[in-house]
Amino acid sequence: MSLRRLNPPLHLLRAFCTVARFGGVSRAAEALHLTQSAVSKQVQELERWVGISLFERSRKRLSLTPAGERYEKAVSALLARLEAVTLELITSGGDGGSALHLSALPTFAAKWLIPRLPQLQQLHPQLTLHFVPYVHGYDFSDPELDCSILFGDGHWPGARSHYLAGNDVVLIAPRNGVGEVDVRSLRDVARCTLLRHVTVPEAWQRWSETHGVPVADTLSGPQFDQFQTMIRAVSVGMGVALVPRCLAQDEITAGTVAEPLPQGGYTSDVGYWLCYPEARAHLPPLVRFRDWLLGLAPLPGAAGDDGRA
């Protein structure tokens, strides 16, 4: 058997994997910016190339044969690796420099990450960070995105994730005389307006269960989409809030908001995580950024401090 037959053209392999992913030629053609006819011909050519049927064909859908399933799994991994090493070459620029494209939640970036970046610049002066617009969810289909800092429990399909901060949740309240109630006990909290974050709707229920303090309606009160605006709302007397300590500590220290009960928070199951696809795990700029971040994260033994895949 010739070496040529053992190395099918890349465009045939890409067409095959795309059709397998979408389960049909129509959507695959859109993703590849080709006509349906062209994609069908490429898949058929690959089947002739290897001499094996890769798809079972019905009227409405293509489904992989057992051989096709095994081949698609292996080829997808190879294509992902090829993309990773190509991206590594491009971002290195051949001159020892490096660039990393990342996205991060705005409040976490502004209050936790940005203040620490001068340290990173001193440690790795050739590493350049490019922030891309943050979008909710986990999508690294855009080759411009290398990693993202997300909020959740650390589980995202197909991703490696490393805990950074955020599971230490603190109760914050307006300064005395500013809010509706001066909070001096846990019972006082139940008399306040409870501010809520859209991403953590169960926070007040969790707080109520942790401290054994009944709250009439844990789902009532104003709702916010960013912790930064919620902290600001507390500072002007709109109510009390539960926020990650890493985002509110500056305001607590400055006296803009109060932490009336030192043990009044709780340990959350969610926090901020550095996430990236497996294919980019060994990208040099990402390795340097990840290792630096993990040096700032809690010591082993803190909740969620391990990497997850």
Holding to side-chain hydrogen bond (donor to acceptor under 3.5 Å, both in side chains), I want the full list of residues that pass it with Arg116, two or more places apart in sequence or in another chain. none
Search all heavy atoms of Tyr272 against all heavy atoms of Pro244 and return the closest pair with its distance. CE1-CG, 4.2 Å
Qualifying residue, where the test is ring-ring contact (aromatic ring centres under 6.0 Å, His included) with His162 and the options are Trp292, Tyr276, Phe289: Tyr276
Does the side chain of Leu82 reach to within under 4.5 Å of the side chain of Leu10, using non-hydrogen atoms? yes
Quick one, Thr199 and Phe224 - any side-chain contact, counting heavy atoms below 4.5 Å? no
By ring-ring contact (aromatic ring centres under 6.0 Å, His included), Phe55 pairs with (sequence neighbours left out) Phe16
Would you mind reporting whether Val240 and Leu194 have side-chain heavy atoms less than 4.5 Å apart? yes
By ring-ring contact (aromatic ring centres under 6.0 Å, His included) - contacts of His11 (at least two apart): none
Is the number of heavy atoms from other residues, nucleotides or ligands within 6.0 Å of CZ (Arg245) greater than 12? yes
Shortest non-hydrogen contact from Met238 toward Leu195: O-CD2, 3.9 Å
May I ask whether Leu32 and Leu78 are part of the same hydrophobic cluster, defined by side-chain heavy atoms of I, L, V, M, F, W, Y residues being less than 4.5 angstrom apart, directly or through others? no
Side chains of Trp207 and Val215: does their closest heavy-atom pair fall under 4.5 Å? yes
Quick check for you: to the nearest 0.5 Å, what is the distance between Leu100 atom CG and Arg288 atom CZ? 9.5 Å
Check whether any side-chain heavy atom of Pro285 lies under 4.5 Å from a side-chain heavy atom of Asp146, and answer yes or no. no
Are any side-chain N or O atoms of Glu251 and backbone N or O atoms of Thr256, one a donor and one an acceptor, separated by less than 3.5 Å? no
Where is the tightest heavy-atom contact between Ala258 and Pro174, given as atom of each residue plus distance? CB-O, 3.9 Å
Using 0.5 Å steps for rounding, measure from the CG atom of Leu54 to the SG atom of Cys17. 10.0 Å
Output yes when a side-chain donor or acceptor of His211 lies under 3.5 Å from a complementary backbone atom of Gly265, and no otherwise. yes
Ser161 side chain to Gly154 backbone, donor-acceptor under 3.5 Å: yes
Do you know which two heavy atoms are closest between Leu12 and Gln42, and how far apart they sit? CD2-O, 3.6 Å
For Val198 and Asp225, the nearest pair of non-hydrogen atoms, with its separation, is CG1-CA, 3.7 Å
Going from CZ on Phe131 to CD1 on Ile149, what distance comes out if it is rounded to the nearest 0.5 angstrom? 7.0 Å
For Glu202, which residues count as a side-chain hydrogen bond (donor to acceptor under 3.5 Å, both in side chains) partner, sequence neighbours excluded? none
Tell me, do Leu13 and Trp49 make a side-chain contact under 4.5 Å, heavy atoms counted? no
State, with a plain yes or no, whether a side-chain heavy atom of Leu102 is found less than 4.5 Å away from one of Leu129. yes
Heavy-atom count check: over 12 atoms from other residues, nucleotides or ligands less than 6.0 Å from Arg232 CZ? no
Please report the C-alpha distance between Arg206 and Asp269 in whole Å, then the side-chain angles of each, then the deciding distance to 0.1 Å, and finally whether the side chain to side chain contact (heavy atoms under 4.5 Å, CB included) criterion is met. CA-CA 10 Å; Arg206 177 70 178 273; Asp269 295 327; 3.3 Å; yes
If I take atom OH from residue Tyr266 and atom CG from residue Asn167, how far apart are they, to the nearest 0.5 angstrom? 10.5 Å
Test Val257 against Ile252 for side chain to side chain contact (heavy atoms under 4.5 Å, CB included), laying out the working first. CA-CA 5 Å; Val257 299; Ile252 294 172; 4.0 Å; yes
Could you state whether Leu123 and Leu127 fall into the same hydrophobic cluster, counting links through intermediate Ile, Leu, Val, Met, Phe, Trp or Tyr residues with side-chain heavy atoms under 4.5 angstrom apart? yes
Starting from the C-alpha separation in whole Å, work towards a yes-or-no answer on side chain to side chain contact (heavy atoms under 4.5 Å, CB included) for Leu150 and Tyr134. CA-CA 10 Å; Leu150 302 176; Tyr134 176 79; 3.9 Å; yes
Side chain of Arg196, backbone of Gly221: donor and acceptor closer than 3.5 Å? yes
side-chain hydrogen bond (donor to acceptor under 3.5 Å, both in side chains) with Ser37: which residues, sequence neighbours excluded? none
Between CZ on residue Arg70 and CG on residue Leu64, distance to nearest 0.5 Å: 11.0 Å
Gln119 and Leu296: side chain to side chain contact (heavy atoms under 4.5 Å, CB included), yes or no, with the steps? CA-CA 11 Å; Gln119 179 192 118; Leu296 304 175; 3.7 Å; yes
Val189 side chain reached by Leu261 side chain, heavy atoms, under 4.5 Å: yes
For Gln36 and Ser40, does a side-chain donor sit closer than 3.5 Å to a side-chain acceptor? no
Rounded to the nearest 0.5 Å, what separation is found between the CD atom of Glu72 and the CG atom of Leu79? 9.0 Å
Contacts of Ser208 meeting side-chain hydrogen bond (donor to acceptor under 3.5 Å, both in side chains) (sequence neighbours excluded), chain-then-number -> none
Verify the cluster assignment for Val181 and Ile172: are they in a single hydrophobic cluster under the rule of side-chain heavy atoms below 4.5 Å apart? no
So which heavy atom on Cys246 is nearest to which on Trp112, and how close? CB-CD1, 3.7 Å
Is there a continuous path of hydrophobic side-chain contacts, each under 4.5 Å between heavy atoms, that joins Leu117 to Val287? no
Should Val43 and Ile52 be counted in the same cluster of Ile, Leu, Val, Met, Phe, Trp and Tyr side chains packed under 4.5 Å apart? yes
